[in-house]
K.L.:
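Okay, here's the structure, questions in a sec.
Order of the sequence lines fixes the chain letters, A, B, ..., with proteins taken first and strands second; residue numbering starts at 1 for each chain. As the structure is a computational prediction, the values presented were derived from the model and not from experiment.
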Amino acid sequence: MGVNLSSLTEPKTVELSELEGKTVAIDAYNTIYQFLSIIRQPDGQPLCDRTGRVTSHLSGLLYRTANLITSGIEPCFVFDGKPHPLKMAILAERKERREKAADEWEEAIEEGDIKKAFSKAQQTSKMTPEIRESSRELISYLGLPMVDAPSDGEGQAAYMCSKGDVWAAASQDFDSLLFGAPTLVRNMTITGRRKVPGKDQYKDVRTEVIDSKEFLESLEITKEQLVDICILMGTDFNPGIPGIGPKKGLKLIKDHGDLEHVISSKSYDIPLYQDVRDIFLKSKYTDDYSTTSSEIQRDKIIGMLEGYDFSKERIEGTLDRIDVARKNNRSKKSQRSLDAWF
DNA sequence: CTTTTTTA
DNA sequence: TAAAAAAGG
């Protein structure tokens with residue numbers, strides 16, 4: 001599920017309101033997957049309509065997006081395109097993991113172990129074509145821009161950020177940094193508390209901003225070296241060396257300079273490492289996109305979500321909040337451009 | 001996850 | 001009034 005570099009970062013935490021007026025490229029797959037994983041009943045059952053269609057992602061998208069708009073943030077959803085051939089191995093691995101977890105979920109229910117059931121159920125989360133299409137339908141009715149990446153969505157988001165078309169790439173993964181995004185936002189949520197997996201503990205979850213330049217300077221490495229560290233750790237495109245995480249990877253690359261020297265010094269076998277480097281450093285992207293939002297289609301949203309058994313009262317309340325926020329945002333935006341003019 | 005309801 | 005618990009679909 002992407003590289004995890006959290007142990008190497010000292011993230012700057014911000015309030016959502018501090019991101020007012022900023023356009024953010026959201027990793028759609030990452031966000032939807034998170035909703036599918038977390039929005040569940042205590043026994044692990046996802047939210048569903050009366051016909052059994054999963055609705056967890058629609059609930060998450062509606063309420064989270066409403067909050068982002070309320071904070072004056074302009075979301076732009078970036079969807080993954082065709083996966084790189086080197087990603088097939090991890091996709092197959094994930095499929096196997098999902099199938100195993102489905103069996104273990106059932107077992108846990110039989111044993112009456114609710115905690116275990118929830119955790120196993122989370123691991124069964126799968127992005128189906130129905131979930132992808134219903135997400136796109138809702139996002140389009142919300143009037144929010146969508147971008148179709150030629151390949152990896154994080155690569156596309158990074159490109160858009162480099163160009164300055166968006167202020168940051170938003171994802172829980174750090175991959176957009178490897179793809180060259182100047183700014184990454186994590187935990188772009190309203191909730192301040194999240195359960196620690198497997199434990200009865202909670203920790204504060206704050207929105208984090210990671211500036212790529214500052215991050216690399218603090219570690220005293222280049223972007224190319226960061227990619228090499230992650231190849232040692234393992235990415236979605238290669239398995240990595242067992243036992244090497246961020247700390248050891250950083251030390252090895254700093255001691256030897258680059259992956260070639262680490263490989264020859266330690267006799268590691270990392271086939272196709274140059275291809276993995278190219279995925280991140282020469283990623284595919286498209287210029288065929290827009291980041292501007294259009295009018296919200298209120299009736300379409302109500303019609304759609306009522307069909308998924310959402311309460312009309314709740315939908316309307318949320319849409320009212322969005323309307324108020326959109327009006328405020330527009331007047332503030334025109335005020336900002338007026339100020340800039342004079 | 002986010003909202004709503006219940007509890008202290 | 002705020003924190004905890006439950007519900008949402």
K.L.:
According to side chain to side chain contact (heavy atoms under 4.5 Å, CB included), who are the partners of Ser311(A), at least two apart in sequence or on a separate chain?
P.N.:
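With neighbours one apart ignored, the set is Glu313(A), Arg314(A).
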K.L.:
Could I get the full list of side chain to side chain contact (heavy atoms under 4.5 Å, CB included) partners for Val324(A), not counting sequence neighbours?
P.N.:
Asn328(A)
K.L.:
I need the CE-P distance between Met188(A) and dC1(B), as an integer number of Å.
P.N.:
14 Å
K.L.:
Suppose clustering is done on Ile, Leu, Val, Met, Phe, Trp and Tyr with side-chain heavy atoms closer than 4.5 Å. Which residues sit in the same group as Tyr159(A)?
P.N.:
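In the cluster with Tyr159(A) are Val78(A), Val147(A), Met160(A), Val166(A), Tyr285(A), Tyr289(A).
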K.L.:
Does the side chain of Asn67(A) get closer than 4.0 angstrom to OP1 or OP2 of dT3(B) through an N or O atom?
P.N.:
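Looking at the OP1 and OP2 atoms of dT3(B), one of them is under 4.0 Å from a side-chain N or O of Asn67(A).
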K.L.:
Just the rounded figure in Å: distance from P of dT3(B) to CD1 of Ile38(A).
P.N.:
15 Å
K.L.:
Rounding to a whole Å, what distance do you find between Phe35(A):CZ and dT3(B):P?
P.N.:
11 Å
K.L.:
Sort and list the pairs that fulfil ring pair (Phe, Tyr, Trp, His ring centres under 6.0 Å) and have at least one residue in residues 91-144 of chain A, not counting sequence neighbours.
P.N.:
none
K.L.:
What are the bounds, 5' to 3', of the part of DNA chain C that sits under 4.0 Å from heavy atoms of chain A?
P.N.:
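From 5' to 3', the first and last contacting nucleotides are dG8(C) to dG9(C).
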K.L.:
Please state how far atom CG in Leu319(A) lies from atom P in dT3(B), giving the value in whole angstrom units.
P.N.:
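Nearest whole value for this atom pair: 13 Å.
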K.L.:
Is it the case that atom NZ in Lys254(A) sees more than 12 heavy atoms from other parts of the structure closer than 6.0 Å?
P.N.:
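Yes, enclosed.
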K.L.:
With sequence neighbours left out, what residues match Phe35(A) under ring pair (Phe, Tyr, Trp, His ring centres under 6.0 Å)?
P.N.:
none
K.L.:
Need one value for Ile39(A): base, sugar-phosphate or nothing, where a base atom within 4.0 Å counts as base even if backbone is also close, heavy atoms only.
P.N.:
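Result for Ile39(A) = base.
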K.L.:
Tell me every residue that passes side chain to side chain contact (heavy atoms under 4.5 Å, CB included) with Thr222(A), counting only those two or more places apart in sequence or in another chain.
P.N.:
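If we apply the side chain to side chain contact (heavy atoms under 4.5 Å, CB included) test to Thr222(A), skipping adjacent residues, the hits are Glu224(A), Gln225(A).
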K.L.:
Begin from the C-alpha positions of Tyr29(A) and Glu154(A) and carry the test side chain to side chain donor-acceptor pair (under 3.5 Å) through to its verdict.
P.N.:
CA-CA 10 Å; Tyr29(A) 178 89; Glu154(A) 303 238 56; over 6 Å; no
K.L.:
Partners of Phe179(A) by ring pair (Phe, Tyr, Trp, His ring centres under 6.0 Å), sequence neighbours excluded?
P.N.:
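Only Phe280(A) meet the ring pair (Phe, Tyr, Trp, His ring centres under 6.0 Å) criterion with Phe179(A).
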K.L.:
Among residues 298-315 of chain A, which residues get a heavy atom nearer than 4.0 Å to DNA chain B?
P.N.:
Arg314(A)
K.L.:
Pairs in or reaching into residues 116-125 of chain A: which pass salt bridge (charged side-chain N to carboxylate O under 4.0 Å, His left out), with residues at least two apart or in two chains?
P.N.:
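Residue pairs passing salt bridge (charged side-chain N to carboxylate O under 4.0 Å, His left out), neighbours aside: Glu104(A)-Lys120(A), Glu111(A)-Lys116(A).
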K.L.:
Please, which pairs that meet salt bridge (charged side-chain N to carboxylate O under 4.0 Å, His left out) have at least one residue in residues 263-275 of chain A, sequence neighbours excluded?
P.N.:
none
K.L.:
Can you list, in residue-number order, the parts of residues 46-53 of chain A that come under 4.0 Å of DNA chain C, counting heavy atoms only?
P.N.:
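Listed by number, they are Pro46(A), Leu47(A), Cys48(A).
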